[in-house]
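Here's the structure we're looking at; comments come further down.
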Amino acid sequence: MPELPEVETTLRGISKKILNKEISSFISREKKLRWIIPPTIGKRVKGQRINNAFRRGKYIIFELDNCSLIIHLGMSGKLRVFNKKMKPKKHEHWDLNFTDNWTLRYTDIRKFGVLDLTLKNPLEHKLLKDLGPEPLGNSFNGIYLFEKSRKKSIAVKQFIMNAKIVVGVGNIYANEALFMAGIKPIKKAGKVTKKEYENLSTKIVKVLKDAIHEGGTTLKDYSNAEEAPGYFKKKLQVYGRGNLECFICRKNLKEIRLGNRSTVYCVSCQN
DNA sequence: CTGGTGACCTGGCTGC
DNA sequence: TGCAGCCAGGTCACCA
């Protein structure tokens, strides 16, 4: 499920159903996701309200009366609001119950997600404090990428996927943005020119905005194996298209592994 | 410091 | 039909 557009879509979907509601209880059916779920969450959140819900990179943060919850969806996490009467199914690991009929329920087949609680400013949390700028915010642009990348020998694709450089660019959109910008993913970040970074930064913004507009890219829903329509089918140019024809030049796209992630590009359109 | 690799976990798909 | 092996939207910990 989640790159930035999917997290944003999730947040928009749940926000109005949970904001300003009083929490009646927190129930976890799993001790640990990626890390231990703090056992004190239940006591801590009971009787409090969710005053604010926002996104930072791929993290979702709920600000309550005197603490904050930090949530990450990992590779396969989902947050949805259910009627409390719906019995939890397999892989539905925790519930945040409200005093009305609703519960916010977290599902995560692979358990790579995160749930943590902090009493301090959530942006100072260990997982959030070193994050780079938001790609859709005003401090992100080509000059920033250019300056950050000088003398870096790492591949430009891995560079833009590094959350300390810029948040929210996952494997799908990194492949797509590099194709749109005509830059080879394996090119060293330090060798990419200022002009290329200006182009790349606008393509990153474009692909993320387009994806948010389409409600994210859902590839597969593991629970029912439905192939999602929309953005994925219509708009992806390279991701998942290894050995298929480039839409621009009709030559076959090349698929390699870069940093253990599948990487697809066009040998003639990207330099 | 930088960059490369393995680890976490479950399930779907491919090929023998 | 069975099963081994590989792959998947993320990212941290550890190593050289």
Side-chain angles (χ1 to χ4, degrees), chain A residues 1-11 29-37 55-60 70-79 89-93 106-116 125-132 135 148-177 185-191 204 207-208 211-212 214-228 230-233 235-236 238-243 255-264:
Chain A
M1 206 198 169
E3 289 192 39
L4 186 148
E6 292 71 36
V7 178
E8 181 67 27
T9 302
T10 295
L11 179 63
R29 291 171 285 277
E30 193 70 50
K31 281 206 178 73
K32 175 180 166 288
L33 296 172
R34 179 160 187 190
W35 295 295
I36 303 279
I37 297 174
R55 180 185 60 71
R56 175 74 177 97
K58 295 172 194 166
Y59 291 89
I60 289 174
I70 293 170
I71 298 162
H72 194 290
L73 304 178
M75 292 276 261
S76 54
K78 291 175 190 171
L79 271 179
K89 295 182 192 143
K90 195 176 180 185
H91 306 306
E92 295 184 342
H93 305 307
Y106 179 76
T107 309
D108 187 355
I109 291 179
R110 294 177 70 183
K111 295 190 236 174
F112 287 172
V114 174
L115 175 61
D116 201 8
H125 188 276
K126 174 186 169 193
L127 294 171
L128 304 185
K129 67 179 171 54
D130 295 324
L131 293 178
K148 275 275 174 185
S149 62
R150 291 310 86 189
K151 298 186 178 170
K152 294 234 183 237
S153 63
I154 196 170
V156 60
K157 175 166 179 261
Q158 293 170 289
F159 175 70
I160 61 170
M161 286 178 71
N162 181 345
K164 289 182 181 170
I165 303 299
V166 55
V167 297
V169 183
N171 197 35
I172 297 178
Y173 301 119
N175 277 302
E176 295 298 311
I186 52 176
K187 187 162 176 173
K188 286 184 184 359
K191 299 284 182 186
I204 289 172
V207 72
L208 293 176
I212 290 171
E214 302 280 342
T217 303
T218 305
L219 295 186
K220 277 174 188 166
D221 180 335
Y222 286 107
S223 55
N224 61 17
E226 263 179 333
E227 194 83 18
Y231 188 80
F232 173 62
K233 269 189 181 161
K235 305 221 173 147
L236 292 185
V238 287
Y239 180 84
R241 300 195 62 251
N243 277 326
E255 178 156 10
I256 60 167
R257 293 196 73 81
L258 187 55
N260 245 331
R261 310 302 299 275
S262 138
T263 301
V264 186

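Letters A, B, ... are given to chains in the order of the sequence lines, protein chains preceding strands, and every chain is numbered from 1.
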Checklist entry - Between B/dG11, B/dC9, C/dT11, which nucleotide has the shortest distance from any of its atoms to the side chain of A/K111? => result B/dC9
Checklist outcome for this item: Of the candidates C/dG10, C/dC12, B/dG3, the side chain of A/N171 sits closest to C/dG10
Item to check | Closest to side chain of A/L127, choosing from C/dC12, B/dG3, C/dA8 | outcome: C/dC12
Item to check | Minimum-distance nucleotide (side-chain atoms of A/R257 versus C/dA8, B/dG11, C/dC12) | outcome: C/dA8
Checklist entry - Separation of A/L73 atom CG from C/dC12 atom P, in whole Å? => result 14 Å
Checklist entry - Quick one: which of C/dG10, B/dC8, B/dG11 gets closest to the side chain of A/H91? => result B/dG11
Next on the checklist: Taking any heavy-atom pair under 4.0 Å as a contact, classify A/K32: base, sugar-phosphate, or nothing.
Outcome noted: sugar-phosphate
Checklist entry - Which part of the nucleic acid, if any, lies within contact of A/K188, taking any heavy atom under 4.0 Å across all strands shown: a base, the sugar-phosphate backbone alone, or nothing? => result nothing
Checklist entry - Of all the choices, B/dG11, B/dG3, C/dC12, which nucleotide is nearest to the side chain of A/W35 once you look at every atom? => result C/dC12
Checklist entry - Could you state the CE-P distance from A/M161 to C/dT11, rounded to the nearest angstrom? => result 8 Å
Checklist entry - Looking at B/dG11, C/dG10, B/dG4, which one has an atom nearest to any side-chain atom of A/R261? => result C/dG10
Item to check | 5' priority, DNA chain C, between A/F112 and A/K126 [closest heavy atom] | outcome: A/F112
Checklist entry - Within the structure shown, what part of the strands sits under 4.0 Å from A/Y59 by heavy-atom distance: base, sugar-phosphate, or nothing? => result sugar-phosphate
Next on the checklist: Check this for me: A/K187, atom NZ, are more than 12 non-hydrogen atoms of other residues, nucleotides or ligands nearer than 6.0 Å?
Outcome noted: yes
